2 protein chains.
Amino acid sequence: MVTIKEVAKKAGVSVATVSRVINKNGYVKESTFEKVQHAIQELNYRPSAIAVSLNNKKTKTIGLILPDITNPFFPELAKAVEEVANSNGYTMILCNSSGTLKNEIEQIEMLQSKYVDGIILASDSYVEEDYKHVNLPMVLLDRGANPRNSSIRVNNYYGGVLATEHLLEQGCTKIAHLAGPKDVFTAQQRLEGYQSVVEDMEWFDKKLVAYANYQLEDAITATKELLNQNIGIDGIFAGNDLMAIGCLKAIHSFGLSVPEDIAVIGFDGISLTNMIIPELSTIKQPIYEMGKEATNQIIKEIEGNETESRDIEFDVTLIQRESTNRKRRPGCEDGAKSKDNGNR
Amino acid sequence: MVTIKEVAKKAGVSVATVSRVINKNGYVKESTFEKVQHAIQELNYRPSAIAVSLNNKKTKTIGLILPDITNPFFPELAKAVEEVANSNGYTMILCNSSGTLKNEIEQIEMLQSKYVDGIILASDSYVEEDYKHVNLPMVLLDRGANPRNSSIRVNNYYGGVLATEHLLEQGCTKIAHLAGPKDVFTAQQRLEGYQSVVEDMEWFDKKLVAYANYQLEDAITATKELLNQNIGIDGIFAGNDLMAIGCLKAIHSFGLSVPEDIAVIGFDGISLTNMIIPELSTIKQPIYEMGKEATNQIIKEIEGNETESRDIEFDVTLIQRESTNRKRRPGCEDGAKSKDNGNR
DNA sequence: TTGAAAGCGTTACCAA
DNA sequence: TTGGTAACGCTTTCAA
């Protein structure tokens with residue numbers, strides 16, 4: 001690699017001057033500027049990001065910690081982060097935490113020692129206590145408010161309400177909920193949304209709520225149990241899309257059909273939902289937007305334009321597709337009935 | 001951040017001694033060692049990766065360039081790379097090239113100026129010419145041989161043969177191929193595999209080959225056209241799984257069923273294939289293994305244990321599921337008939 | 001067994 | 001408008 005010294009020698013100036021040319025600050029005579037530029041081209045010189053970082057304590061790098069990149073929700077998020085980061089001159093280091101606190105902590109340590117400028121953390125297991133020693137800008141995804149860090153999320157509660165009401169509107173008379181893990185924030189909120197709608201209905205029964213771990217396989221098992229233990233279920237609100245697909249498979253294995261016998265709606269709006277047959281209705285989160293906003297926020301905090309932390313809540317949107325279309329024949333449309341709740 | 005100097009002061013020794021303790025090299029008296037360790041703990045000191053890098057020209061970072069992280073093939077790959085990298089003390093910078101040469105080149109430049117130690121490149125548009133100025137270890141995914149770089153890939157040709165023969169075995173009498181983009185290496189190879197099996201059959205016709213861009217939407221259109229222009233197609237080999245799902249949707253929209261009317265097989269073995277109904281038969285690539293091997297290879301090259309480049313070809317495996325199961329009722333099994341071709 | 005100091009490639013301050 | 005140089009945090013060589 002060619003260094004600034006070699007450029008200086010070639011151009012017949014000092015390294016200080018070359019530095020000024022590179023950063024376009026300080027006074028440089030026009031002719032000197034050109035001479036230096038020429039030398040830079042000639043030698044195909046690129047400043048060492050390492051050396052620059054050592055000086056100014058900035059690496060132009062942000063860390064993104066995800067529970068699992070193979071969960072289809074996250075690639076879209078990662079893409080948004082990467083794109084926004086890049087277009088602001090940052091690069092992204094990706095870490096898979098596998099959702100365990102131990103890994104998260106370890107990775108945060110590692111990111112700190114690599115001097116990333118900030119961290120975006122999508123964590124299921126976040127507990128404020130555990131992150132006391134993190135003194136970098138950090139924005140949280142899908143977590144509740146926290147005085148120290150900005151957070152980006154959707155109104156999960158309202159999404160739960162929306163999904164449940166939609167099933168009701170479609171004529172469902174007994175609606176079950178396949179909830180995510182009990183200790184996961186988003187899952188709790190979605191469940192509460194569901195409960196708020198159905199708890200006073202005369203058919204409601206606690207046994208209509210089952211739990212699974214947000215994964216497909218687990219959801220299949222849970223759905224089968226749900227169907228065995230309850231008679232007359234004709235609608236299921238699954239806590240995420242992956243589990244909704246599990247529902248579909250379980251229902252299929254019972255020889256029942258969707259949406260005729262049982263309507264199914266998911267949550268997240270991953271692209272998978274319109275790949276399957278029947279296409280899956282869902283409560284869509286603006287995933288890309290969320291990643292974009294998280295990145296913008298972290299960059300603001302890094303660059304010091306914004307030190308106070310912000311709480312940003314996005315709206316969810318009901319996407320009706322075949323899996324809940326009980327009013328006409330399936331296969332017709334893919335309408336996004338936006339039901340903004342007006343916040344933001 | 002606490003520096004080595006502060007540790008030295010606290011322990012009452014010089015920075016050189018602290019450095020020796022950290023790196024466990026050179027002579028250090030037992031008692032001194034302990035004293036220093038103690039100070040390190042006390043201050044919660046972590047060496048600055050930046051400063052270390054400036055010295056030894058190694059960043060312990062590798063760059064992974066992918067065409068599109070939202071394509072389900074790549075997250076699994078990325079996960080493998082990240083895990084193997086981490087367990088060797090490396091971190092991974094992820095870049096989305098969107099498949100364009102311009103972005104790839106730009107990102108390689110950027111990665112070089114960040115002094116990554118090596119690059120894993122999954123490229124559709126790789127042309128040796130364009131990468132002449134890359135003087136880092138680089139391993140290529142899914143590309144043909146190249147004297148300068150190691151490459152990791154599967155036997156795409158053989159996979160094409162395997163898929164086509166499988167459809168034949170299932171009793172298909174007129175098999176179409178939905179191929180990937182003409183200029184993409186993997187797509188060409190798979191197509192050739194198909195052709196080698198069917199070109200001498202009396203029913204074969206060039207019109208049985210259609211092209212799409214490896215994406216779902218495009219595949220739906222192409223399949224519809226295929227079905228409109230050809231009579232009697234009862235088997236389709238799609239160039240990748242995403243397109244196979246497109247086939248399924250197109251066939252469904254014609255009111256036909258899979259596998260009874262038309263059997264469908266994909267290529268890749270992404271996890272999507274067992275999420276959909278009917279579950280999709282496919283030619284599975286050992287994606288995780290490939291990522292793992294790519295990472296091991298790049299690390300070897302970085303650490304200088306291996307300077308010569310290697311060409312590693314993995315075997316593909318036929319996974320038969322419902323979408324080609326014409327011999328018995330669907331829904332029974334998920335068998336992996338391994339047909340090794342003995343290379344590697 | 002330990003410490004002093006040079007050097008890694010920049011930036012920024014101070015002088016000239 | 002330019003150049004010399006300290007400083008960033010660490011490793012490594014050389015001396016002690």
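Note that the structure is a prediction, hence the values are computed from the model and not measured. Residue numbers start from 1 in every chain, and the chains themselves are labelled A, B, ... in the order their sequence lines are given, proteins ahead of strands.
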TODO: List the steps, then state whether side-chain hydrogen bond (donor to acceptor under 3.5 Å, both in side chains) holds for B/S271 with B/E76.
DONE: CA-CA 9 Å; B/S271 59; B/E76 196 172 341; 5.6 Å; no
TODO: May I ask you to verify whether the side chain of A/R46 and the base of C/dG9 hold a donor-acceptor pair under 3.5 Å?
DONE: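 When only heavy-atom distances are counted, A/R46 does not reach the base of C/dG9 through any donor-acceptor pair under 3.5 Å.
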Task: Neighbour count >12 (heavy atoms, 6.0 Å) for atom NZ, B/K292 - done: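 No, because the 6.0 Å sphere around NZ of B/K292 holds 12 heavy atoms or fewer from other groups.
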Side chain of [X] (C-beta onward), nearest among [options]:
| X | options | answer |
| --- | --- | --- |
| B/V15 | C/dA5, C/dG7, C/dT10 | C/dA5 |
| A/K29 | C/dA5, D/dT2, C/dT1 | D/dT2 |
| A/A16 | C/dG7, D/dG4, D/dC8 | D/dG4 |
| A/S14 | D/dG3, C/dT10, D/dG9 | D/dG3 |
| B/S48 | C/dT11, D/dC10, D/dT2 | D/dC10 |
| A/T3 | C/dT10, D/dG9, C/dT2 | C/dT10 |
| A/N25 | D/dC10, C/dA4, C/dA12 | C/dA12 |

Task: Intermediate values then yes/no, side-chain hydrogen bond (donor to acceptor under 3.5 Å, both in side chains), B/Q297 and B/R310 - done: CA-CA 8 Å; B/Q297 176 64 23; B/R310 292 201 303 153; 2.9 Å; yes
Open item on the list: Below the 4.0 Å mark, does C/dT11 have OP1 or OP2 next to a side-chain nitrogen or oxygen of A/N23?
Closed with: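 So the side chain of A/N23 is within the cut-off, an N or O lying under 4.0 Å from OP1 or OP2 of C/dT11.
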TODO: Could you say whether B/L54 or B/E30 is positioned toward the 5' end of DNA chain C, judged by the nucleotide with the nearest heavy atom to each?
DONE: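 Counting from the 5' end, the first nearest nucleotide belongs to B/E30.
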TODO: Might you work through the side chain to side chain contact (heavy atoms under 4.5 Å, CB included) test for B/E303 and B/K58, ending with a clear yes or no?
DONE: CA-CA 10 Å; B/E303 302 187 344; B/K58 294 278 178 232; over 6 Å; no
